[in-house]
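The sequence lines fix the lettering, A, B, ..., with proteins before strands; numbering per chain opens at 1.
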Amino acid sequence: MTDSAKPTLLVVDGHSLAYRAFFALPVDNFSTKDGQHTNGIYGFLSMLINLIKAEKPTHLAVAFDTSRQSFRTREYTEYKANRSESPSEFKGQIPLLQDCLAAMSIQVLQKEDFEADDILATLATQGAEQGFDVLVCSGDRDTIQLVNEDITLLYPNVQGVSQLKRYDRQAVIDRYGVPPEQYPDIAALVGETSDNLPGVPKVGEKTAVKWITQFGSLDALLENADKVTGVVGNNLREHLDDVRRNRTLNRLLRDVELPLTIDDLEVQPMDAQGVRDIFSRLEFKTLIPRVAELAGIEQQMAAVASAAAVDAPVAAELAPADLASWLERSSGEVGVTITIEGGLPRRIGLATAAAAVESDWSAETAASIQPWLSGDAPKIFSDAKPQLKALARAGATVGGLAFDTIVAGWLLRPSFPDKTLADLVDRFLDEKLPEADPTQLVPETEGATPGQLSWYTLRVTEALRGEMEPAVSAVLLDIELPTLVTLAEMELAGVTVSHAKLSAFSVELAERADGIAQEAYATIGREVNLGSPKQLQEVLFEELQLPKTRKTKTGYSTDAAVLADLQEQAPHPFLDQLLQHREATKLRQIIESLDTAIDADERVHTTYVQTGSQTGRLSSTDPNLQNIPVRTQESRRIRAAFEVGAGYDTLLTADYSQIEMRIMAHLSEDPGLIEAFNSGEDLHRFVGARVFGVDPADVTNAMRTKVKAMSYGLVYGLSAFGLSKQLRIEQAEAKQLMMEYFNRFGAVRDYLRSSVEQARIDGYTATIFGRRRPFPDLTSPNRVLRENAERAALNAPIQGSAADIMKIALFRIHREFAAEQLHSRVLMQIHDELVVEVADGEWDAAERIVRERMGDAAALSVPLDVQIGRGGDWDEAAH
DNA sequence: GGCATAACGTA
DNA sequence: CGTACGTTATGCCC
């Protein structure tokens, strides 16, 4: 412990200690949900808090390096030249760490051209002169030279930064055999690999100490180098200049000009609000109380917390008529919450920043607020779609949708599982939304009421807006919210599915599956569960002794690709029977799930999950209408069960052809690819002609298949390995194909490379319209993680831009149908395809609107080609 | 009932 | 060792 009569100055090397923490703590456990790595920050702060608690410094500073360049690199260009660039996950943490220190009112020092250790040396020297007990905390051994009666070094041990070893003068002598001021002499002789400073070959600490002790000083040793015998003596004589250089470079400067004095380092009260804000942002929940305790600011912290966690206002229960007058008196945006029971509105809660009101939903309520609800007055929801649907069922329409917290939260962090307002309150306000405990019959805690939920919705909105870049905000307002309204109506509309067609097919398939199963049992001489991969493995690899296949977590794969391979290597009738059985049962499953989803109106109402993907695509559940089979002739019988509904004339399908390749052409500006799309020639034929150097007319089917696989693979970040597997060709041939392809379409390769590089720099990808997707793993040292991220980052702008374009087309079609007072309506979206139910006499108008709005949804450097089909059912309408 | 896994359907 | 999804049955857990 330090002498309590003397003030204590603690100076810390922020860079070296945070760097150690970075490698000591697993990055996976220390990342915010949006992917910001915090292990270095956390480790450093944790250490610093412990240090302050133990040492109680009166004065404190943390020094950082400014860059790798310093006066030392100018003197000796090789200095530290062997160090690899510090990982960008680490670099990004330094500014955040400095923000934390600023909030904790701790002085941060850095100076161009000097290293952190020079600043430490200067401060320590000044502090000692001014009568301080000085503690230097650094992970750099050069700071050993600073130790004297007044200056103690705290040096992290190998495990990390949690344990600091205390070096006073005696401890240095005990450990290194020389007093601190002579340690740089030892280091100069031995050299410092991490600084790229070679020493005398074969000379380690032992020899160096022996020499210094024997000759008394480094200078004396160098003058008498001829007296040193043996191989090491020769080595010494040959490396005198290296030693002198090392000694020059490892001397820390003690007279760096600094913009402040030791007095300025006096420990200051922390900014409780600031600490809370930045620590919350970094999700340092446990550090907050530790800092608070340290600073003696529990009270302030608690005050800040409770000031932030304002209790929701008690929502006043209003009579229906009073809702309208309350709304008239309110101004600005209103938070809206509709609770739903049996698909219909049950209660409504409204809130402004100042107050909340609520009411049961009734005909009177509806009448009272309908003018406001359907008008342009701005309304903010959390997960608006089900609420809009419930209102619509009750005959109420909503205008002026200004924000949706769930959709906004997803746009900011598409990888998050935030699906409820409670999640967002937790994450963005760092508060708990009051929730009734569902496990208790009589809950101790009351859940928030609709009015209060609306109030929280407004507060979360404010927090979300604070984080939204204008471009992302534009995606919300210009794409997502109009899409949301459209999706609500599509879900309400549903699509007619013929139970009769499905059940007939299902029976056929069931009979066939049974028949195949019996044959299969006969083949292998026993009954197994053909749906159990586990039992199949026994049959295939033990009983039938077929060659082992691709490994899975639990054994060997029995998937279709593997079974097809096996059939070639070691043909066996069981394999084909199994494949056929799978096909029949799979189709039957899909039919059954579809059939049970048919509602009383004979229609299937899927739910489109607007926040269901990381790229911007929709997903579809209950049932999933985006994976209805289409590949085989037989499976299209399922599509044939999707029929035009009563009161309508026909189905229209419209799909974008090769939209992702077109986006690729646009983004890469590849002249060849752009020409391909402008030429009117079949894309793959055109590309094949270029790649194989033949006339388009002479492109064979095999050639076309290959370039088609290549083109599509590009969008997914394919490898030669993957391509060879897909096409069942040699890897060398796949490699050759890729080379030829890129020779002809070089800009495509350039674009793909540069787009991943840009994402690595930015930390996210962006679509043409500004939708972002973060990719923290692009700089991961873990190769698997990094390469997975690279492929996903390659694909995200392309898939995402296609999704943006389809959404824009979709809601514009929806709006134009309404504007032209058509009864026709969009029913389904399958990523690049729309299915429209066309009313009597509206074909021409509907076809024109769909074609035009899909065609002009985005202005790319190539046209957007739209294929349209017509028929009484989905299969017929396909073209 | 809840969970992970393998398999497979779509764009 | 090609992206993005959702659903199903099995097999295991409690």
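Distance A:Q537 CD to C:dG11 P: 11 Å, rounded to the nearest Å. Distance, A:N788 CG to C:dG2 P: 9 Å, rounded to whole Å. Computed from coordinates, the A:M661 CE to C:dT3 P distance equals 18 Å when rounded to whole Å. Between the P atom of C:dG6 and the OH atom of A:Y608 lies a distance of 13 Å, rounded to the nearest Å. Regarding A:N627, its CG atom lies at a distance of 17 Å from the P atom of C:dA4, rounded to whole Å. Rounded to an integer number of Å, the gap from CD1 of A:I628 to P of C:dT7 is 11 Å. To the nearest angstrom, P of C:dT3 lies 13 Å from NZ of A:K725. Nucleotide C:dT3 holds its C1' atom 12 Å from the NE2 atom of A:H831, rounded to whole Å.
A donor N or O paired with an acceptor N or O is not found under 3.5 Å between the base of C:dG6 and the side-chain atoms of A:Q626.
In this structure, A:F642 and A:W874 have perpendicular ring planes: the angle between them is above 60°, well past the 30° mark.
Counting any heavy atom pair closer than 4.0 Å across all strands shown, A:G612 reaches sugar-phosphate atoms only and no base atom. Nucleic acid contact for A:Q535: sugar-phosphate only, since backbone atoms but no base atoms lie under 4.0 Å from a heavy atom of the residue. Within the 4.0 angstrom heavy-atom criterion, no nucleotide atom of any strand lies near A:E833. Looking at heavy-atom distances under 4.0 Å, A:V609 makes no contact with the nucleic acid at all. Contacts of A:D622 with the nucleic acid, taken as non-hydrogen atoms under 4.0 Å apart, involve only primed sugar atoms and P, OP1 or OP2.
The shortest distance between the side-chain N/O atoms of A:N624 and the OP1/OP2 oxygens of C:dC5 is not below 4.0 Å. OP1 or OP2 of C:dG2 has at least one side-chain nitrogen or oxygen of A:S719 nearer than 4.0 Å. Not one side-chain nitrogen or oxygen of A:R617 sits closer than 4.0 Å to the OP1 or OP2 atom of C:dA4.
Salt bridge annotation for A:D565-A:R728: present, with a cationic side-chain nitrogen under 4.0 angstrom from a carboxylate oxygen. Between A:K501 and A:D873 there is a salt bridge, since at least one side-chain N of the basic residue sits less than 4.0 Å from a carboxylate O of the acidic one. Checked for salt-bridge contact, A:R870 and A:E876 miss the test: no charged N lies under 4.0 Å from a carboxylate O. The pair A:E508-A:R637 counts as a salt bridge, with a side-chain nitrogen and a carboxylate oxygen less than 4.0 angstrom apart.
Ring centers of A:F745 and A:Y741: under 6.0 Å apart, within the cut-off.
Identified under the salt bridge (charged side-chain N to carboxylate O under 4.0 Å, His left out) test for residues 604-613 of chain A, with sequence neighbours left out: none.
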List the steps, then state whether salt bridge (Lys or Arg N to Asp or Glu O under 4.0 Å) holds for A:R760 with A:E757. CA-CA 5 Å; A:R760 216 187 298 278; A:E757 270 330 296; 2.9 Å; yes

In sequence, state the C-alpha distance, the side-chain angles, and the governing distance for A:R744 and A:E740, and then conclude on salt bridge (Lys or Arg N to Asp or Glu O under 4.0 Å). CA-CA 6 Å; A:R744 302 295 183 277; A:E740 295 293 343; 3.7 Å; yes

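Between A:D478 and A:F811, the shortest heavy-atom distance links the atoms O-CZ, 3.2 Å. Taking all atoms of both residues into account, the shortest heavy-atom contact from A:S657 to A:D865 is OG-OD2, 2.6 Å.
Results of the side-chain contact (heavy atoms from CB on, under 4.5 Å) test with A:T653 over A:V836, A:I868, A:D875, A:V835 single out A:V835 as the only residue that passes.
A:D670 CG to A:R749 CZ: the interatomic distance, rounded to the nearest 0.5 Å, is 11.0 Å. In this structure, A:Y764 OH and A:R773 CZ are separated by 15.0 Å, a value rounded to the nearest 0.5 Å.
Residues from residues 579-591 of chain A lying near DNA chain B, meaning a heavy-atom separation below 4.0 Å, are A:R582, A:K586 in numerical order. Of all the residues in residues 554-578 of chain A, A:T554, A:S557, A:T558, A:D559, A:A560 reach under 4.0 Å from DNA chain B with at least one non-hydrogen atom.
Every residue two or more places apart in sequence or in another chain that forms a salt bridge (Lys or Arg N to Asp or Glu O under 4.0 Å) with A:R825 is listed here: A:E837.
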Could you list, one pair per line, each protein nitrogen or oxygen that sits under 3.5 Å from a nitrogen or oxygen of nucleotides 12-14 of chain C, together with the distance?
| unit_1 | atom_1 | unit_2 | atom_2 | d |
| --- | --- | --- | --- | --- |
| C:dC12 | OP1 | A:K534 | NZ | 3.3 |

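Boundaries of the chain A contact region on DNA chain B are B:dT5 to B:dA11, first to last in 5' to 3' order (nucleotide atom under 4.0 Å from a heavy atom).
Taking the nucleotide of DNA chain C with the nearest heavy atom to each of A:A720 and A:N529, the more 5' of the two is matched to A:A720.
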